Amino acid sequence: MRALHVQNLTFTWPGAENATLRIPNLSLAQGERIFLFGPSGSGKSTLLSAIAGVVDVSPGAILVADKDVGAVNGGARDRFRVDHIGMIFQVFNLIPWLSALENVLLPCTFSKRRRARAGEDPGGTARHLLDELGLSDPSLVSKPASELSVGQQQRVAAARALIGKPDLILVDEPTSALDEAAKAAFVDLLARECAEAGSALLFVSHDRSLEHHFDRSVDFLALNGGAA
Amino acid sequence: MLGFSLRSLWNRRFVAGMTVLAISLSVALILGVERLRDGARDSFANSASGIDLIVAPRGNSVQILMATVFGVGGTETGMTWDSFEWLEDRPEVAWAVPIQMGDNHRGYPVIGTVASYFEHFRHSGGQPLSLAAGTFLSGEGADAAVVGAEVAARFDYAPGAVIVNAHGAGEVSFDLHDDAPFTISGVLAPTGTAVDRMVFVTLEGFGALHAQEDAPAADPLDPAAIPADDHDDHDDHDGHDAHEDHGAHEGTVAKHSHEPDRINAVYVGLIDRTNVLGLQRAVNERASDALSAVLPAVALAELWGIIGTAERAMRLMAWAVALAGMIGMVVMLSATLDTRRREFAILRSVGATPTRIFALIVTEAAVLTAAGLILGLVLLTVATFVTDPILSDRFGLRLGLNVFGTREMATLFVIFWAGLLASLIPAVRVYRMTLADGLSVRL
């Protein structure tokens, strides 16, 4: 099983003349960690949207955990996403009025698979993950997410992406709001936790200083024949 | 989903609380207006139970009802005593009570009648009149008076107090009958009807008042009174053979011991109420006297129909307030949508379908509306609890506690569904928004 397999993917935003994505081939093995770099506006985020099933792609172009994303429709795609994919965005990853712990547990409330894979006690698993990511203070864990610092928020988001061991974790510029030291620490932690969970990691960034944390780097511009 | 909605609302508890308050006020207002209306209608219908027919000089039935039952305004010039006796002797008539009106006591209508009035008059679902203190008119002298609860309370009257009446119906009157005082023999218990605002005197007393007005010479202490002029003042009292009875004023009062020549109305009770239309026709066709026979229930309905316009306006306003509450909720839910876009995108990224997010908004609306309904009922119950004794005493409106009729339930049901329906507006917007935004909201 491959965590992700992209083959002959083309995607054109409605109304646009040229295809934003034209990717002949991109594969992630189970547990593989890839660093995807490229300039802003080159279509990296669009690729993540396509993989997450937020934009419509033709059947057969994207397989996540051997399942055809393009063949799943509507609400089933949302359920498919949470079952197999964990996501971390650039900023504002958390529901501000839920506590850190509740934010981490969100995938378990929407996905049976993730809940089942989170162990006997998802709450305990969530605490353990937060602990691993350096958020062990109980008062911090029960605080509303809006009261956490940006760095803490990103670590909570990472714990949420990791809980229930999804096959693939998509990460979109998660460190852009962090300082240099925090950046390296965050990526390091994330890579380690992905290895522990056995999740493949597709890490998108324009910051090549983070490259060395990954199994392999891919130049998005070389990969994508569409934008150029 | 419900817990999630509750948390989300709690996060915006101030605005949510205001919205709930607005809805609850409209709920309390709608139900309150309905209850007031029902109470008013009941108290209306209660003012004249037990009377099968009101006979009065020919006139408008509502006017006759207003004058006799509510003591407002007057009837046409009097009907003859002969007509009263004719009525009383009709085989279908169980009882007949004569009514004289036209005077007031410090603004309150004075009714001249007989003791059996208190025996036959019924109010508030068939309750007879009862005394708070003293005795009814029977067995008392001609100067006896029974006052209603409100009159007694307002002027602090008790049996034994001496009162003076005035001519005419207005509150401000300089034409006092201070030469014909009455002594209060009894105070009625509160009824919540117009009776509370009435002063009852005997026909003799009522007549004496006018006899003395017409005949100042009757006052032996007034040296200016010259008996010679006496009869010139009696032009409008031709055939007033009641003068002969004046001697009986201090004596015992037998039935019809005093026969005024003209009375204003007669309350009639029938042996068999099914004969009421026949008697009504007979009264209307009586040749010697132009009379109207009014069915109180019919006239009350007619009068209620007139008042109904104001009542409908009140209901309309209550519903308008409800509409405002609903709009407030839609505004609140809609206004937060833009700031919550990020929230919805996150929810979608962790597997919430757009339908789920749609449901979230509708659930929030349902929670707000339901909370509004419950708080509204609490407000209404508290308000009823506080105002019921006052309304009951002052206006005879009995709202009753904890009475949730099927109509009130239906009203609550309608408001609840209106709330859900209104929430579809923001919910549909959210649905479209989440579909368009996907997972990446550009902030």
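Please read these numbers as outputs of a predicted model, since none were measured by experiment. In what follows, every chain begins at residue 1, and chains take the letters A, B, ... in the order their sequences are listed.
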Measuring only between side-chain heavy atoms, which start at C-beta, is [X] closer than 4.5 Å to [Y]?
X	Y	result
A:I95	B:S8	no
B:R12	A:W97	no
B:R342	A:F89	yes

Contacting region of A:L94 [heavy-atom separation from chain B under 4.5 Å]:
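Contact with chain B is through the backbone of A:L94 alone.
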
What part of A:T46 lies closer than 4.5 angstrom to a heavy atom of chain B: side chain, backbone, both or neither?
neither

Give the minimum heavy-atom separation between [X] and [Y], together with the two atoms involved.
X	Y	value
A:D78	B:P354	OD2-CD, 3.1 Å
A:S99	B:R7	N-NH2, 4.2 Å
B:G351	A:V82	CA-CB, 3.5 Å

Check whether A:F110 forms a cation-pi arrangement with B:R348 (NZ or CZ under 6.0 Å from the six-membered ring centre, at most 45° off the ring normal).
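Checked: cation-pi criterion not met.
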
Once rounded to the nearest 0.5 Å, what's the spacing between atom CZ of B:F4 and atom CG of A:L106?
5.5 Å

Gap between atom OG1 of A:T109 and atom CG of B:L347 - 0.5 Å precision
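It is 8.5 Å, given to the nearest 0.5 Å.
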
For the interface with chain B, which of A:R114, A:R160, A:R79, A:R77 has the highest count of heavy-atom pairs at distances below 4.5 Å?
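The option with the most such pairs is A:R160.
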
